[in-house]
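Heads up, the thing below is written out as structure tokens.
Small disclaimer: the values here were computed from a predicted structure and weren't measured.
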Amino acid sequence: MKQSLQEICEAQIRNETAMRKVAKIEYEPVLKLCAMMHVNAGREVNAEHIRECSGILKSRTGMFSNFRGTLQRVILTKMALADDPAAYLDDVTDVYGKLKADHKLPGEMFAMAATTIVENCPVERRTEVVEKTRQTYAMMKKQHPFLTDESDLSLVALMIMAGKDPVQAADEAEKLFQAMKHDYKIGSNTAQSAAMVLALSDKPAEQKLEAFFGLYNACKAAKHETAKDKAMVIYAAFADADYNLNETVASIGEVDNWLKGQKGYGALTLGTSERRLFAASMVLKDLQAGGAAAASSATNAITQAIIEELVLILVMIILTGIIVSTTLSNSFS
């Protein structure tokens, strides 16, 4: 394994160990996600600072707030990584209030979408992005009422922040969705999430689709692929990266094998597909750090937000008791 990737892997384990001291009882995928967020930010877990953030969160939100649910630890991590945790929370709750307007029972993913917007959008554009996100989501919900749900909100917001208008975003995602359904025979839930991620790139649709499935199939041939469900959407996050296929697949395999020997990555604590999701995420992080991530429409920051959001979505699937495969598939924009 090359040195830069080894350092990312070791930083991940180091931050997981530190997170376990802060959160003695926590769902393993959430703990790993929080550690990964620190690694992506180039930071080490600061237990005392996270506790301070917890005090701020409790003082400013009610017990039943969507900011204090199953992903409270994620919110605290995002606060801890912000320059001013209190101001960050104020910004997020403000965007959340606008985003959930007219929704009678908004869930936690509205809160997660609010953090995605605050972290990737200039203050002066937030109102515009929120409104366009709501418009695009409404279009997609009308077209696929039983398929589209709030777990799609952050990816919708990313499409808007990448410069798409609501009609364009919904149209591009729908065309990619239909192509995956009919030409590649992918399940609807997976196809919709992958379509939104691929829509961020300005590359030709067929090129994006071939690259997405090419990377998945190459990982499958090497026996290091995720399950063919929401977890495989991680490969769509490579859409704007300039990488060598064979080298990238080899790196994913090396990280997968390395993680397999680490605490918390065995079949009983995480699951094979989940582990490979994190392995692919680490390799993409290394590609970005090395300057291999292009910026045709999605900047490096937005691309990283995609990775985090995908894990968040998958964590939510498992936390809410939805079994995505017989082996417990992946747990991430």
Side-chain angles (χ1 to χ4, degrees), residues 22 30 33-34 36-38 40-43 45-46 48-103 105-137 150-164 166 169 200 298-313 315-316 332-333:
V22 180
V30 174
L33 173 60
C34 293
M36 186 180 79
M37 290 162 63
H38 278 83
N40 292 341
R43 302 270 290 276
V45 171
N46 183 325
E48 185 56 37
H49 186 44
I50 291 177
R51 293 189 184 98
E52 291 172 356
C53 291
S54 180
I56 295 171
L57 182 65
K58 290 178 180 177
S59 69
R60 299 188 180 211
T61 58
M63 184 177 296
F64 300 106
S65 166
N66 279 326
F67 291 89
R68 292 174 63 181
T70 52
L71 289 180
Q72 176 176 318
R73 188 66 55 189
V74 175
I75 296 293
L76 291 175
T77 297
K78 287 174 173 284
M79 290 174 64
L81 293 173
D83 293 334
D84 184 334
Y88 171 82
L89 183 60
D90 287 343
D91 287 346
V92 170
T93 52
D94 177 63
V95 170
Y96 168 75
K98 296 173 181 175
L99 197 61
K100 73 180 182 66
D102 302 327
H103 288 270
L105 295 172
E108 287 182 75
M109 293 311 290
F110 275 85
M112 289 296 103
T115 68
T116 300
I117 292 172
V118 168
E119 290 165 17
N120 296 283
C121 182
V123 175
E124 61 273 16
R125 282 201 64 211
R126 286 178 189 167
T127 299
E128 172 199 350
V129 167
V130 167
E131 184 55 36
K132 288 183 176 179
T133 296
R134 284 165 50 84
Q135 291 175 24
T136 308
Y137 179 77
E150 65 181 57
S151 68
D152 297 312
L153 274 168
S154 285
L155 296 179
V156 171
L158 287 171
M159 287 195 291
I160 297 303
M161 288 186 285
K164 315 287 184 181
L200 287 161
T299 67
N300 286 357
I302 289 182
T303 300
Q304 192 54 53
I306 294 170
I307 300 170
E308 293 181 10
E309 195 56 38
L310 287 172
V311 178
L312 280 174
I313 291 169
V315 167
M316 283 295 291
F332 66 257
S333 247

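- Under the 4.5 Å side-chain criterion, counting only non-hydrogen atoms from C-beta, Asp91 is in contact with Arg126.
- Rounding to the nearest 0.5 Å places SG of Cys34 at 9.5 Å from NZ of Lys78.
- Side chain of Arg43 to backbone of Ala80: a donor-acceptor contact under 3.5 angstrom is found.
- Applying the ring pair (Phe, Tyr, Trp, His ring centres under 6.0 Å) test to pairs two or more places apart or on separate chains, those with a residue in residues 64-103 are Phe67-Tyr96, His103-Phe110.
- Contact annotation: the side chain of Ile75 never approaches that of Arg68 to less than 4.5 Å [non-hydrogen atoms, C-beta and beyond].
- In this structure, the side chains of Met37 and Val74 come closer than 4.5 Å at one or more pairs of heavy atoms.
- Across all non-hydrogen atoms, the minimal contact from Leu99 to Ala113 is CD2-CB, 3.6 Å.
- Looking at residues two or more places apart in sequence or on another chain, you find a salt bridge (Lys or Arg N to Asp or Glu O under 4.0 Å) between Lys98 and Asp94.
- Put simply, the side chain of Glu150 gets close to the backbone of Gly107: a donor and an acceptor are under 3.5 Å apart.
- Listed for the Thr116 side chain is a donor-acceptor partner under 3.5 Å among the backbone atoms of Met112.
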Test side-chain contact (heavy atoms from CB on, under 4.5 Å) applied to Met109 and Asp152, step by step: CA-CA 8 Å; Met109 293 311 290; Asp152 297 312; over 6 Å; no

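- Side chains of Pro85 and His49 form a contact here, defined as non-hydrogen atoms less than 4.5 Å apart.
- Applying the salt bridge (Lys or Arg N to Asp or Glu O under 4.0 Å) rule to Asp84 yields no partners; only residues at least two apart in sequence or on another chain are considered.
- The residue from Leu155, Leu158, Leu153, Val95 that alone fulfils the side-chain contact (heavy atoms from CB on, under 4.5 Å) condition with Thr133 is Leu153.
- Residue Asn66 comes nearest to Pro106 through the heavy atom pair ND2-O, 2.8 Å, listed as atom of the first residue, atom of the second, then distance.
- Rounded to the nearest 0.5 angstrom, Gln72 CD and Leu57 CG are separated by 5.5 Å.
- Taken from CZ in Arg73 to OG in Ser54, the straight-line distance is 7.0 Å, to the nearest 0.5 Å.
- At a threshold of 4.5 Å between non-hydrogen side-chain atoms, the residues Lys164 and Lys132 do not count as touching.
- From Ile117, atom CD1 reaches atom OG1 of Thr127 across 10.0 Å, with rounding to the nearest 0.5 Å.
- To the nearest 0.5 Å, atom NZ of residue Lys58 and atom SG of residue Cys53 are 12.5 Å apart.
- In this structure the side chain of Arg60 reaches within 4.5 angstrom of the side chain of Asp90, judged on heavy atoms.
- A pairwise comparison of heavy atoms in His38 and Thr77 identifies CE1-CG2, 3.5 Å as the closest pair.
- Of all heavy-atom pairs between Pro166 and Ile160, the closest is N-CD1, 4.2 Å.
- Ala169 and Thr136 make their closest contact through CB-CG2, 4.0 Å (heavy atoms, listed as atom of the first residue, atom of the second, distance).
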